Amino acid sequence: MEEKINLLVAETIEKIAAATDGKTLGEIKVAVLGKNGALTSFMRNLKDLPAEKRPEVGKYVNEARAKLDEQFEKKGNELFEKELAAKLESEKIDITIDKPARPIGGRHPLNIVRRKVIDFFTSMGFVVTDSPEIETDYYNFEALNIPKDHPAREMQDTFYIVPGKILLRTQTSAGQIRTMEKDKPPIKMINVGKVYRSDDIDATHSPVFHQIEGLVVDKKITMCDLKGMLEKFAKFFFGEATQIRFRPSYFPFTEPSVEVDASCPHCSGRGCRVCKGTGWIEILGAGMVNRHVLEGCDIDPDKFTGFAFGIGLDRITTIVYGINDMRQEFENDVRFLKQFN
Ligand code: PHE
C-alpha cells in the first residue's frame, strides 16, 4: 500500500513539473487543481486505497490542496503587483515637464490709479455709485443747468444715439442728478467711469476718457470743505509737499466754479517738461453745487449746500507716471503696460 501512495505522489509531482514548464500561473493552477488536474485525479484515485488508509491520506492531501491554493493566491498577487508596477512605469507621463511659461498679465495703469482714487475717497466715507454710460439729454445736460441752446454744450459735443435725446455721456456729472433724485442729504458719493466727447485724438485728447465725479451735500458745507479735501487728495497722490491752487472758472452746475491745479510733482513747482514750464498742473474742475440743480432734485438750497468735483483719471495717471502721450494708455502695447507691474 505504501508503495502505491508513493507512486501516486511521485506521479503527481512529475505531472506538476511537466505542467509548469513554460506555463502561466493560471495554466499551472488548472493543471494541478483543475477538474482534470493532477491533484484532483489523485483525490479521485483515493478510492483505490484500503479503507483504513483513506482518512489519513485524504487529510494530508486536503491540507496540501489548501496550501497550494494559498500559494497560488499569493504568487498571483505578487505577479499582479509586479505587472502593474511595470505598466505604470512604462506608461508614465511626466506632468512636471517644462513648458514655456504663459505670460501673466498685470493691471493697467489706469486701473491702478482708479483703485487708489477709490481707496482714498472710500476711506473718507464716500460711497461708490454707478451711473449709465448711455444717458438721456436730461441727465447729461438739462438737469445740470445746461439747456438746449447753452454754449457749454458746444464744448462737450458727443455721440448721439437718438439725436437730441439719447447720447453717450460727456461727463460723470450726470450721476450727481441720479444720486440726488434717489438719495437725500447727507450725500457723499463718488462715481467713476468712461465719458465720451467727439474730440480728435492727440497726445492730450481722446474721444473716450475717464472721470471721477464726487458729490457732497449736507448742512453747512462750504468751499473750505472742498479745498481741504482736495488738498488731502493732491498730497496723497503727488506727495506731502504738494500745494494746490483754485482758479476761477465756469461750470453751469456749480456756482462758484473753480479749476484746481496741483504743484508739479516732477519739478516741485520749478517748471519742467511735464508742467510745460509753469510749475502747476491742472487736475480737476469743481465748485459749489448750483441752487438750481439742488432745487431740480427736490433739495432745499436754503437748508443744504454741497460741493462737486470732476477729476480726469487719465490726466492723474499721466502725471503720476510721467506719461507724455495719453494715447499710450489706449494702445495696449505690452511693452508699455509691462512697466507698471
Ligand atoms: N463735469 C465737469 C467736466 O467734465 C467737471 C466738473 C465736475 C466740474 C463737477 C464741477 C463739478 O468738465
Side-chain angles (χ1 to χ4, degrees), residues 114 117 121 126-133 135-147 150-159 167-180 187-199 204-218 221-230 233-234 244-262 281-294 296-297 299 301 304-317 326:
R114 183 181 61 95
V117 171
F121 284 109
F126 282 73
V127 171
V128 181
T129 64
D130 205 5
S131 70
E133 280 174 37
E135 249 322 345
T136 61
D137 185 272
Y138 177 77
Y139 286 104
N140 194 81
F141 292 129
E142 206 74 47
L144 286 164
N145 221 14
I146 314 172
H150 199 288
R153 287 205 180 203
E154 200 131 302
M155 286 154 54
Q156 298 193 1
D157 199 16
T158 184
F159 305 95
L167 46 90
L168 295 181
R169 68 176 175 195
T170 61
Q171 47 188 350
T172 44
S173 301
Q176 286 187 33
I177 307 301
R178 290 189 176 270
T179 297
M180 285 192 284
I187 290 169
K188 214 172 171 188
M189 74 86 172
I190 55 164
N191 165 22
V192 190
K194 290 193 195 80
V195 297
Y196 304 82
R197 293 188 195 172
S198 54
D199 277 335
T204 53
H205 293 88
S206 160
V208 186
F209 57 104
H210 305 80
Q211 286 186 333
I212 303 135
E213 190 81 15
L215 174 71
V216 174
V217 185
D218 204 348
I221 297 290
T222 71
M223 217 154 174
C224 294
D225 299 311
L226 172 67
K227 193 160 189 185
M229 200 213 60
L230 290 179
F233 173 79
I244 59 164
R245 73 174 184 194
F246 278 16
R247 275 182 293 113
S249 184
Y250 172 76
F251 299 104
F253 41 92
T254 47
E255 178 63 38
S257 303
V258 288
E259 303 271 3
V260 182
D261 299 335
I281 301 178
E282 185 187 319
I283 53 170
L284 57 98
M288 301 306 291
V289 182
N290 191 305
R291 292 178 63 89
H292 293 281
V293 176
L294 291 173
C297 297
I299 295 174
F304 297 103
T305 52
F307 65 73
F309 57 86
I311 306 171
L313 181 61
D314 313 78
R315 183 124 185 82
I316 302 286
T317 306
M326 186 177 159

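From a predicted model like this one, the values you see are computed outputs, not experimental measurements. Order of appearance sets the numbers: ligands from 1, and atoms from 1 within every ligand.
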key: Between Gln171 and Gln211: side-chain donor-acceptor atoms closer than 3.5 Å   =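 Distance-only check fails for Gln171 and Gln211.
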
key: Full working for salt bridge (Lys or Arg N to Asp or Glu O under 4.0 Å) between Arg247 and Glu282   = CA-CA 10 Å; Arg247 275 182 293 113; Glu282 185 187 319; 3.6 Å; yes

Should [X] be counted as touching ligand 1, given the test is an N or O pair under 3.5 Å?
{"X": "Gln176", "value": "no"}
{"X": "Thr170", "value": "no"}
{"X": "Arg197", "value": "yes"}
{"X": "Gln211", "value": "yes"}

Separation between OG1 of Thr158 and CG of Asp199, rounded to the nearest 0.5 Å =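 Between Thr158 OG1 and Asp199 CG, I get 9.5 Å after rounding to 0.5 Å.
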
ask   = Nearest protein heavy atom to atom 12 (O) of ligand 1, by residue and atom, and its distance?
value =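 Here the nearest protein heavy atom works out to Phe251 CE2, 3.7 Å.
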
ask   = What residue and heavy atom of the protein are closest to atom 2 (C) of ligand 1, and at what distance?
value =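 Among all protein heavy atoms, the one nearest atom 2 (C) of ligand 1 is Gln171 OE1, 3.7 Å.
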
request  = For the residue pair Thr222 and Thr305, establish whether any side-chain heavy-atom pair is separated by less than 4.5 Å.
outcome  =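 Not in contact.
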
request  = Answer whether the closest heavy-atom distance between the side chains of Leu215 and Glu213 falls below 4.5 Å.
outcome  =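 In short, these two side chains do not touch, never coming nearer than 4.5 Å.
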
Against heavy atoms of [X], which atoms of ligand 1 measure under 4.0 Å?
{"X": "Ala286", "result": "8 (C), 10 (C), 11 (C)"}
{"X": "Gly285", "result": "6 (C), 8 (C), 10 (C)"}
{"X": "Ser173", "result": "1 (N), 7 (C)"}

ask   = Is the NZ or CZ atom of Arg178 both under 6.0 Å from the centre of the six-membered ring of Tyr139 and within 45° of that ring's axis?
value =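 Yes, a cation-pi geometry holds between Arg178 and Tyr139.
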
ask   = Do the ring planes of Phe121 and Phe309 sit parallel (below 30°), tilted (30 to 60°) or perpendicular (above 60°)?
value =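 Aromatic pair Phe121/Phe309 classed parallel.
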
Within-shell test, Phe253 vs ligand 1, heavy atom, strictly < 4.0 Å =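 So Phe253 counts as touching ligand 1.
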
inquiry  = Under 4.0 Å, counting heavy atoms only: does Met288 come that close to any atom of ligand 1?
reply    =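 Per 4.0 Å heavy-atom rule, Met288 does not contact ligand 1.
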
Sidechain N-carboxylate O distance under 4.0 Å for Glu259, Arg245 =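 Judged by the 4.0 Å cut-off on N to carboxylate O distance, Glu259 and Arg245 do not form a salt bridge.
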
